[in-house]
Structure formats: C-alpha cells, structure tokens
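Below is one structure; the comments refer to it alone.
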Protein chains: 2
Amino acid sequence: MVVDEVTDGSLDRLFHALADTTRRDILRRCVQGELSVSRLAEAYPMSFAAVQKHVTVLERAGLVTKQRRGREQLVLTEPEAVARARQALDELEALWRGRVERMSHLLAQDPRTADHDPQEGQDR
Amino acid sequence: MVVDEVTDGSLDRLFHALADTTRRDILRRCVQGELSVSRLAEAYPMSFAAVQKHVTVLERAGLVTKQRRGREQLVLTEPEAVARARQALDELEALWRGRVERMSHLLAQDPRTADHDPQEGQDR
DNA sequence: TTCATCTACAACCATTTGGTTGTACGTTAG
DNA sequence: CTAACGTACAACCAAATGGTTGTAGATGAA
C-alpha cells in the first residue's frame with residue numbers, strides 16, 4: 001500500500017511519458033482492455049516501431065507492463081502509476097493551500113477574529 | 001467549474017513542464033510565495049539563463065505567470081493549471097474504473113456474449 | 001516444413017531540449 | 001549621471017526525442 005519511494009527520476013519519467021498525445025491515447029486504449037502492440041499500431045499513422053518505442057516509454061515510466069500471449073505482447077495498464085503522478089500534483093496543491101492558510105493567518109493576527117477563507121475556495 | 005477546453009497541445013506542454021525535477025522544484029518554491037527569477041536562480045547550480053528558460057517552459061504551460069515589480073519579474077503560480085493536469089489523470093482513472101465495471105458485467109453475463117471487437121473503427 | 005505474423009532492435013536522421021556564454025536594455029541606487 | 005542589478009534574447013553545443021527503414025528471431029498456422 002505504501003506507494004514505494006517516488007524519486008525525482010521516476011517522476012521525470014512519469015510526466016514525460018504523459019507529455020505526448022499519442023502515448024496518452026495508447027494509455028486510454030489499453031486502460032479499457034489489453035491490446036497487443038500490433039493492434040495498437042494499427043490505430044496510428046506511424047510505423048510499428050514508432051508505436052513500440054512509445055510503449056517502451058510508457059513501460060519505463062511504470063504506466064504499463066507487457067505480458068506475452070503466444071507471439072503477441074499484450075500491453076497492460078498500471079493504474080498505480082497514475083496514482084503516483086496524482087500524488088505529486090496533490091503535494092503541489094497542498095503547498096499552495098498551505099500558503100493560502102499562512103496568508104490568512106497573517107491577515108487575521110488575532111486568533112479570535114480568524115474567520116478564514118478569502119474566496120479562494122476548493123475545486124474538485 | 002468548466003475548465004476551459006483542454007487541448008492535446010496544452011496537455012503536452014503541461015506534462016512536459018512537469019517532467020523535470022528543476023521545474024517541479026521551481027513550482028514548489030513559487031507556490032509558497034512569489035520569487036523573482038534572480039532569486040530563483042540563486043537556488044540552482046546552473047546559469048541564470050537556464051533558470052529563465054525553465055520559467056519560460058512553465059509559463060507556456062500555464063503553470064506560472066510573471067508580473068513586473070520594478071526591475072524584478074515575480075513568478076506567480078497558477079494552481080488551476082495543476083487542476084487541469086489532475087483532470088486528465090482523473091479521466092484515465094475513470095476509464096479504468098469503467099473497464100472494471102464492464103468486466104463485472106461480463107462476468108455476470110452469458111459467456112457467449114463476451115466477444116471482443118476486432119476492428120473498432122477509428123480514424124483520424 | 002514453410003509461410004505469415006508479431007516482436008525486438010540497430011542504424012540513421014531531423015528536431016527539440018537543456019545547458020552554456022555573451023550582449024543589450026530598462027530600472028533602481030548612490 | 002553612473003554603476004549595479006535584473007531581465008531578455010541570440011548564438012552555440014551536446015544529448016535526447018520522435019520518427020524512419022531494415023534485419024533478424026520467435027511463434028502459430030497450413
């Protein structure tokens with residue numbers, strides 16, 4: 001359950017893998033059901049080798065794994081990797097909320113009048 | 001509420017901007033309080049120009065904006081951009097959950113109806 | 001076996017990235 | 001005014017990216 005040690009390098013690879021339209025689309029397709037690399041490649045206007053490289057990038061980022069089935073290689077998504085990316089974004093937002101909170105503290109030096117929240121509410 | 005039209009290109013820029021340790025660190029620093037580019041540059045073992053370029057990448061991704069104060073340029077974070085990235089990840093997770101749900105459906109059904117579509121018509 | 005399919009990977013190429021240095025310009029402090 | 005500071009931007013470079021083609025190895029089908 002412990003999301004094992006998110007290093008800088010792993011986050012670099014994660015976000016880099018997500019930073020390409022084709023790769024995000026591959027993820028969307030595979031997240032709905034495993035596909036072989038060949039089947040995937042049929043969907044894009046590029047060579048099989050190019051799609052293969054994209055899958056490799058996703059794989060090194062931990063976003064997918066491959067599993068042999070006969071002569072095919074099925075691409076399986078790893079939802080936990082998405083969770084790791086989200087965790088990094090959450091951390092940023094937490095910092096931001098922290099700042100807002102500190103600012104509120106400064107604005108309301110007297111704890112008794114510390115009704116907080118100057119309009120910067122939450123999204124979700 | 002409506003997060004204005006997330007295009008492929010904007011997501012590319014967003015995730016690309018996040019795919020670098022230095023840039024994520026810049027975000028963390030700026031999210032806690034605005035800093036000038038010079039002050040930021042003091043924190044990293046690289047030239048001022050390099051940091052300037054990183055800030056430009058963050059800016060084109062919509063993650064920060066710059067605001068002049070005298071001769072300084074303050075870097076301000078834009079939390080909504082982080083929210084856009086999160087939305088993209090949420091969408092992926094939703095697809096994944098959807099698959100699980102469909103799989104449960106299939107398991108509850110007659111096995112003979114469980115056919116896979118060989119060529120889902122998609123084009124470009 | 002023979003043949004078609006799926007995958008792996010090398011070699012190559014153009015473009016982008018991430019860094020550097022150098023120069024120029026606006027602004028603030030003395 | 002002059003000097004120092006903060007910024008902008010160009011030119012350059014090595015390395016990584018994203019694509020190509022070609023070749024070769026496994027595997028399944030006939």
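Below, chains carry the letters A, B, ... as their sequence lines are ordered, and counting in each starts from 1.
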Worksheet item: Looking at B:Ala85 and B:Phe15, what are the two nearest heavy atoms and their distance?
Response: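 Between these two residues, the closest heavy atoms are O-CZ, 3.9 Å.
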
Practice prompt. Provide the closest heavy-atom pair for A:Val51 versus A:Tyr44 in the form atom of the first, atom of the second, distance.
Written response: CG2-CD1, 4.2 Å

Can you name the residues that form a salt bridge (charged side-chain N to carboxylate O under 4.0 Å, His left out) with [X], not counting sequence neighbours?
{"X": "B:Arg29", "answer": "B:Asp25"}
{"X": "B:Lys53", "answer": "none"}
{"X": "A:Glu72", "answer": "A:Arg69"}
{"X": "A:Asp12", "answer": "B:Arg24"}

Fill in: Stepwise side chain to side chain contact (heavy atoms under 4.5 Å, CB included) check, B:Glu93 with A:Val82
CA-CA 8 Å; B:Glu93 289 195 321; A:Val82 176; 3.7 Å; yes

Worksheet item: Who passes side-chain contact (heavy atoms from CB on, under 4.5 Å) against A:Arg68, sequence neighbours left out?
Response: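 Applying side-chain contact (heavy atoms from CB on, under 4.5 Å) to A:Arg68 gives A:Gln73.
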
Worksheet item: Quick one: side-chain contact (heavy atoms from CB on, under 4.5 Å) partners of A:Leu95, sequence neighbours excluded?
Response: B:Arg28, B:Val31, B:Gln32

Name every residue in [range] that has at least one heavy atom under 4.0 Å from any atom of DNA chain C, in order of residue number, or write none if there are no such residues.
{"range": "residues 15-29 of chain B", "answer": "B:His16, B:Arg23"}
{"range": "residues 66-76 of chain A", "answer": "A:Lys66, A:Arg68, A:Arg71, A:Glu72, A:Gln73"}
{"range": "residues 34-52 of chain B", "answer": "B:Met46, B:Ser47, B:Ala49, B:Ala50"}

Fill in: Transitive ILVMFWY side-chain link B:Leu74 to B:Val37, under 4.5 Å
no

Discussion item. If hydrophobic clusters are built from ILVMFWY residues whose side chains come within less than 4.5 Å, do A:Val75 and A:Val57 share one?
Written reply: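 Looking at the clustering, A:Val57 is in a separate group from A:Val75.
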
Worksheet item: At what distance, to the nearest 0.5 angstrom, does SG of A:Cys30 lie from CG of A:Leu40?
Response: 4.5 Å

Discussion item. Nearest 0.5 angstrom please: B:Arg60 CZ to B:Leu14 CG, how far?
Written reply: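 Going from the CZ atom of B:Arg60 to the CG atom of B:Leu14 covers 12.5 Å.
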
Discussion item. If the helix axis at each end comes from five base pairs, how far does the helix from C:dT1-D:dA30 to C:dG30-D:dC1 deviate from straight, to 10°?
Written reply: 30°

Worksheet entry | Euclidean distance, atom CG of residue B:Asp12 to atom C1' of C:dT17 [Å, nearest integer] | 15 Å

Item to complete: Measure from CZ on A:Arg60 to C1' on C:dC9 and round the result to the nearest Å.
Response: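 From A:Arg60 CZ to C:dC9 C1': 14 Å.
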
Discussion item. What is the first contacted nucleotide of DNA chain D and what is the last, in 5' to 3' order, if contact means an atom lying under 4.0 angstrom from a heavy atom of chain B?
Written reply: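 So the outermost contacting nucleotides come out as D:dA4 to D:dA11.
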
Worksheet item: Can B:Leu76 and B:Val64 be said to form a side chain to side chain contact (heavy atoms under 4.5 Å, CB included), step by step?
Response: CA-CA 5 Å; B:Leu76 314 173; B:Val64 304; 6.0 Å; no

Worksheet item: Does A:Ser36 have any side chain to side chain donor-acceptor pair (under 3.5 Å) partners at least two apart in sequence or in another chain, and if so, which?
Response: none

